[in-house]
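In what follows, chains carry the letters A, B, and so on, assigned in the order in which the sequence lines appear, proteins first and then strands, with residues in each chain numbered from 1. These values consider heavy atoms only, across backbone and side chains, with no hydrogens, waters or symmetry-generated copies.
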2 protein chains.
Amino acid sequence: MLKYILLGFLNYQPMSGYDLKSLMDESTSHFWHAYHSQIYTTLRKLEEDGLLVSEEIEAEDAKLNRRVYSITAAGQAELRDWLAQTMSEPTPVKEDLLVRLFFSGSRDRESTLNELRLQRQFHQQKLALYNSLSPHHLVADMDATPELLREARFWATTLEFGKRYEHMYLAWLEDTIRTIEAF
Amino acid sequence: MLKYILLGFLNYQPMSGYDLKSLMDESTSHFWHAYHSQIYTTLRKLEEDGLLVSEEIEAEDAKLNRRVYSITAAGQAELRDWLAQTMSEPTPVKEDLLVRLFFSGSRDRESTLNELRLQRQFHQQKLALYNSLSPHHLVADMDATPELLREARFWATTLEFGKRYEHMYLAWLEDTIRTIEAF
DNA sequence: ATTGGCATGTAATTAGTTACATGATTTT
DNA sequence: AAAATCATGTAACTAATTACATGCCAAT
């Protein structure tokens, strides 16, 4: 999946691994996180496969050089083909907290409740973050072409998902805390 | 994580890899899916680490023998220690559909809409499934001890999460379909 | 003086997926 | 006759995580 995220961003404009990591951190990381180590190795692999080309940009000053990647025609075709397909399943959920809760019967009740209360805090923060975000702040990090502005409408739908997800999660946490307090 | 799911179930009662796979399929797979190949290899590893012991049960008839695993004292301690901890973060979301939607600006609109409509179908089915499930049907697959019945209250909270998740997801899909139709 | 941002990578390990492989019994 | 269920595993591969590693510049 990371492959397509990188192709997707590089289809907007050429960028370095560092740029991609920064962009991801404030956008796609909310539904697909990746470490910089994976980003750099995947970029190399995509270049080997001919989907990207890179160019080392010498920095003035004594700074570290940047390696800027551009998408190739083959890369664009790969992205297009991938998008032309249709997911044949819903994405399976992987939620650690639910695993823990499922097996919390033998656990100290206060320990469980503390964990849920801490999670409530985390999800409140996430919701607050999403509410403070505008999909347009991403445009500011790239060249604001008219095409990019059209992309922002799709970005907004994923942000809306995030808000609803956190809202749902919080309500469930509240109710679950109350339920377990009453056990 | 699979490690703790296996320890968690085996803490209820001894079982084979096949039993564990079946139990997971109708419970934890909704928030933590695993293939049988991974289950069998993980069970072996846990036995090597002394957290489980296994015993080969000879089948009457000419059936294949079952290997039944039991949790050891060390295994119970490991499970207890893990549950005594507290997650220091919310679980990161990984949702393929959002990645695809994020980069769908350059995509044919009908293709995007078709994918969303198909997902709507999937999530309707998931919601229907969750609504048909009772946490007690799981007890039927194991020995119905009074302790197990207490566990079922925790199982129910995870099922409730599933219902709310699918409900939220569906509403978002509906709204997103309408939004994109209006683009 | 130290923290944070810029900037890049490799190495080692663990986890997860897909494919291969077998074979009997029961149900449709 | 074919499909589903029971039952177990290995092998190959891909993806993801964690740790290691470096070094400049600007701001506090």
Side-chain angles (χ1 to χ4, degrees), chain A residues 1-7 14-26 28-29 31-49 51-52 54-69 82 87-89 91-96 99 141, chain B residues 1-7 14-26 28-29 31-49 52 54-69 87-89 91-96 99 141:
Chain A
M1 189 61 44
L2 178 59
K3 169 181 172 178
Y4 298 105
I5 296 178
L6 299 176
L7 288 175
M15 278 180 261
S16 70
Y18 189 87
D19 295 335
L20 286 159
K21 170 66 174 152
S22 309
L23 268 185
M24 281 188 69
D25 280 349
E26 48 186 75
T28 52
S29 75
F31 44 85
W32 199 278
H33 167 267
Y35 294 99
H36 78 271
S37 57
Q38 202 193 351
I39 292 175
Y40 285 115
T41 51
T42 304
L43 285 170
R44 293 274 181 180
K45 209 183 66 214
L46 293 177
E47 184 168 28
E48 263 180 51
D49 296 346
L51 307 179
L52 301 178
S54 75
E55 189 193 0
E56 199 160 0
I57 307 278
E58 313 237 341
E60 339 79 75
D61 315 335
K63 276 189 194 171
L64 213 58
N65 290 344
R66 289 158 47 82
R67 177 168 295 277
V68 173
Y69 288 87
W82 177 69
M87 283 174 61
S88 58
E89 277 182 4
T91 311
V93 173
K94 286 219 161 180
E95 187 67 30
D96 302 51
V99 175
D141 297 332
Chain B
M1 187 62 44
L2 178 58
K3 170 181 173 179
Y4 298 105
I5 296 177
L6 300 176
L7 289 175
M15 278 181 260
S16 69
Y18 189 87
D19 295 334
L20 285 159
K21 170 66 174 149
S22 311
L23 269 184
M24 281 187 69
D25 280 350
E26 48 186 75
T28 52
S29 74
F31 44 86
W32 199 277
H33 166 268
Y35 293 98
H36 78 272
S37 57
Q38 202 192 353
I39 292 175
Y40 285 114
T41 51
T42 304
L43 285 169
R44 292 276 181 180
K45 209 185 63 213
L46 294 177
E47 184 168 28
E48 261 180 52
D49 296 346
L52 301 178
S54 75
E55 188 192 0
E56 199 161 1
I57 307 279
E58 314 236 340
E60 338 79 75
D61 316 336
K63 277 188 193 168
L64 214 59
N65 290 345
R66 288 159 45 83
R67 178 167 296 277
V68 173
Y69 288 87
M87 283 173 62
S88 57
E89 278 182 3
T91 310
V93 172
K94 286 217 159 177
E95 188 67 30
D96 301 50
V99 176
D141 297 331

Margin query: By nearest atom, which of the nucleotides D:dC6, C:dT18, D:dA21 is closest to the B:Tyr18 side chain?
Written below: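 Shortest atom-to-atom distance from the side chain points to D:dC6.
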
Check: Quick one: which of C:dT17, D:dT17, D:dG9 gets closest to the side chain of A:Tyr35?
Finding: D:dT17

Notebook entry, point to check: Nearest nucleotide by nearest heavy atom, which residue falls closer to the 5' end of DNA chain D, B:Asp19 or B:Ser37?
Noted result: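 That would be B:Asp19.
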
Item checked: Nearest-nucleotide 5' precedence on DNA chain D, B:Pro92 against B:Ser22 -> B:Ser22

Next item on the list: Verify the neighbour count for atom CD of A:Glu89: are there more than 12 heavy atoms of other residues, nucleotides or ligands below 6.0 Å?
Entry: no

Please report, rounded to the nearest Å, how far the [atom2] atom of [N] is from the [atom1] atom of [X].
{"X": "A:Ile39", "N": "C:dA7", "atom1": "CD1", "atom2": "P", "result": "15 Å"}
{"X": "A:Ile57", "N": "C:dC6", "atom1": "CD1", "atom2": "P", "result": "18 Å"}
{"X": "A:Arg66", "N": "D:dC25", "atom1": "CZ", "atom2": "C1'", "result": "16 Å"}
{"X": "B:Lys21", "N": "D:dG9", "atom1": "NZ", "atom2": "C1'", "result": "15 Å"}
{"X": "B:His36", "N": "C:dA21", "atom1": "NE2", "atom2": "P", "result": "14 Å"}
{"X": "A:Leu20", "N": "C:dG9", "atom1": "CG", "atom2": "C1'", "result": "15 Å"}
{"X": "A:Met15", "N": "C:dC6", "atom1": "CE", "atom2": "P", "result": "15 Å"}
{"X": "A:Glu55", "N": "C:dT8", "atom1": "CD", "atom2": "C1'", "result": "17 Å"}

Compare side-chain N and O positions of [X] against OP1 and OP2 of [N] and report whether any pair is under 4.0 Å apart.
{"X": "B:Arg67", "N": "D:dG9", "value": "yes"}
{"X": "B:Tyr40", "N": "D:dG9", "value": "no"}
{"X": "A:Arg44", "N": "C:dG9", "value": "yes"}

Next item on the list: Give the angle between the helix axes at the two ends of the helix from C:dA1-D:dT28 to C:dT28-D:dA1, taking five base pairs at each end and rounding to 10°.
Entry: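 Helix axis angle between the two ends: 40°.
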
Next item on the list: Could you tell me which non-hydrogen atom of B:Val68 sits nearest to which non-hydrogen atom of B:Pro14, and how far apart they are?
Entry: CG1-CB, 3.8 Å

Checklist line | Minimum-distance pair of heavy atoms, taken over all atoms of A:Met24 and A:Trp32 | finding: CE-O, 3.5 Å

Hey, does [Y] have a side-chain heavy atom less than 4.5 Å from the side chain of [X]?
{"X": "A:Lys94", "Y": "B:Thr91", "answer": "no"}
{"X": "B:Leu6", "Y": "B:Ile39", "answer": "yes"}
{"X": "A:Tyr35", "Y": "A:Tyr40", "answer": "no"}
{"X": "A:Leu7", "Y": "A:Leu52", "answer": "yes"}
{"X": "B:Tyr18", "Y": "B:Arg67", "answer": "no"}

Notebook entry, point to check: Going by atom types alone, do B:Asp19 and B:Ser16 pair a side-chain donor with an acceptor below 3.5 Å?
Noted result: yes

Notebook entry, point to check: Would B:Asp25 and B:Lys21 pass as an ion pair if we require N to O under 4.0 Å?
Noted result: yes

Item checked: Distance-only donor-acceptor test, B:Thr41 side-chain atoms vs D:dT10 base atoms, 3.5 Å ->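 Answer is no: no donor-acceptor pair is held.
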
Check: Could one point to a donor on the side chain of A:Ser16 or the base of C:dT8 with an acceptor on the other under 3.5 Å away?
Finding: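 Answer is no: no donor-acceptor pair is held.
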
Next item on the list: With heavy atoms under 4.0 Å as the rule, sort B:Thr42 into base, sugar-phosphate or nothing.
Entry: nothing

Report, one pair per line, the protein and nucleotides 12-15 of chain C atoms (nitrogen or oxygen only) whose separation is under 3.5 Å.
none

